[in-house]
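Each remark here refers to the structure printed beneath this line.
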Amino acid sequence: MNTVRSVIAQSGLPLLEARMIVGHVLNVSRAWMIAHDSDSIAAGSLVSIQEMFRRRLSGEPMAYILGQREFMGLVFKTNPSVLIPRPDTELLVETAIDLLQNRPGATMLDMGTGSGAIAVSVAHYCPQAAVMASDTSAEALAVARENAQNLGARVVFVESDWYEQLPVGKFDLIVSNPPYIHHADSHLEQGDLRFEPPQALTDFSDGLAAIRKIIAGAGDFLQGGGWLWLEHGWDQAESVRSLLMEAGFANVESRRDLSGIERISGGQWVISE
Ligand code: GLN
């Protein structure tokens with residue numbers, strides 16, 4: 001008989017992943033599965049579960065198989081047209097929330113929003129902020145819009161290749177988790193990254209091309225005193241700080257993620273016109 005216990009045990013997957021898939025298909029909690037582990041699984045559900053096991057065994061990311069990933073305590077829809085939200089990126093969101101909270105009417109732009117994880121989380125936790133998010137991919141924007149709607153977050157979305165099609169405006173904060181992986185980095189051929197949109201991961205260059213572009217254009221879209229904060233790779237903090245300082249940003253600094261890696265860098269636009 002195909003019981004919850006035997007199906008999970010025979011999945012060939014790590015216990016946690018097998019449980020996530022079974023729980024997702026049966027729409028039950030982990031506690032339910034443990035209490036009901038000798039219940040049999042209906043044939044229809046079993047077919048769906050086995051198909052998801054097969055996809056996972058062939059390397060597909062859990063977030064695409066389940067169609068969702070938790071980030072900042074919120075559940076985001078994910079599909080192969082968007083980068084999977086990563087815990088590393090919560091540092092950028094927390095930094096944005098620190099800057100925007102208790103400032104009614106403050107404005108933020110999230111560039112290359114993908115699933116909308118950053119923009120939607122900030123809008124959720126700072127409901128008085130005015131949040132805009134851009135992406136060059138219409139498919140990504142469709143996912144981001146759905147996430148904003150599902151989570152009740154107020155975000156204005158714009159299809160734009162970085163600054164090219166953005167409406168004129170001045171923001172108190174610009175944030176981005178741009179593609180920053182060097183085109184020759186072998187990580188692109190490993191794990192989840194093999195299945196993610198390449199243009200969300202790499203600039204097809206030295207890893208700093210998108211970051212240079214964002215820094216170079218930010219002055220036109222920042223209020224005096226506004227901030228730019230960027231996520232970047234583990235070895236890029238010094239380069240990003242230099243780029244920010246060369247572009248005229250003040251108070252340039254980097255912040256470390258939970259693994260102690262300098263993960264984001266930012267600066268303040270104090271040049272008045
Ligand atoms: N942090 C991601 C990774 O290293 C990359 C995300 C990005 O390029 N913005 O897997």
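Both counts, for ligands and for their atoms, begin at 1 and track the order of listing.
- Contact annotation for Arg86 and ligand 1: only side-chain heavy atoms (C-beta onward) come within less than 4.0 Å of the ligand.
- We find that Glu253 and Arg255 are joined by a salt bridge, their nearest charged nitrogen and carboxylate oxygen being less than 4.0 Å apart.
- Annotation: Arg263 places no N or O atom under 3.5 Å from an N or O atom of ligand 1; distance criterion only.
- An N or O contact shorter than 3.5 Å is missing between Asp88 and ligand 1 by distance.
- Scanning all heavy atoms of the two residues, the minimum distance from Leu46 to Ile41 falls at N-CG2, 3.9 Å.
- Listed by number with element, the atoms of ligand 1 under 4.0 Å from a non-hydrogen atom of Pro178 are 7 (C), 8 (O), 9 (N).
- Geometrically, ligand 1 and Leu201 share a nitrogen or oxygen pair separated by less than 3.5 Å.
- Not a single heavy atom of Gly233 sits under 4.0 Å from any atom of ligand 1.
- Scanning the protein heavy atoms around atom 4 (O) of ligand 1, the nearest turns out to be Ile181 CD1, 4.0 Å.
- Heavy-atom minimum distance, Ser115 versus Asn147: O-ND2, 2.9 Å.
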ring-ring contact (aromatic ring centres under 6.0 Å, His included) between Tyr163 and Phe221, worked out:
CA-CA 9 Å; Tyr163 298 101; Phe221 289 87; 5.1 Å; yes

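- Side-chain polar atoms of Ser265 and His232 form a donor-acceptor pair below 3.5 angstrom.
- Residue Pro179 approaches ligand 1 through these ligand atoms, each under 4.0 Å from one of its heavy atoms: 8 (O).
- Of all atoms in ligand 1, listed by their number and element, those nearer than 4.0 Å to a heavy atom of Asn177 are 7 (C), 9 (N).
- The pair Arg86-Glu196 counts as a salt bridge, with a side-chain nitrogen and a carboxylate oxygen less than 4.0 angstrom apart.
- For ligand 1, the polar-atom distance check against Leu193 finds no nitrogen or oxygen pair separated by under 3.5 Å.
- Listed by number with element, the atoms of ligand 1 under 4.0 Å from a non-hydrogen atom of Ala200 are 7 (C), 8 (O), 9 (N).
- Linking Ile, Leu, Val, Met, Phe, Trp and Tyr whenever their side-chain heavy atoms come within less than 4.5 Å puts Ile65 and Val25 in one cluster.
- If you check which protein heavy atom lies closest to atom 1 (N) of ligand 1, you get Tyr180 OH, 2.7 Å.
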Using the side-chain hydrogen bond (donor to acceptor under 3.5 Å, both in side chains) rule, take Thr113 and Asp110 through it: C-alpha gap first, then chi angles, then the decisive distance, then the call.
CA-CA 6 Å; Thr113 195; Asp110 171 26; 2.7 Å; yes

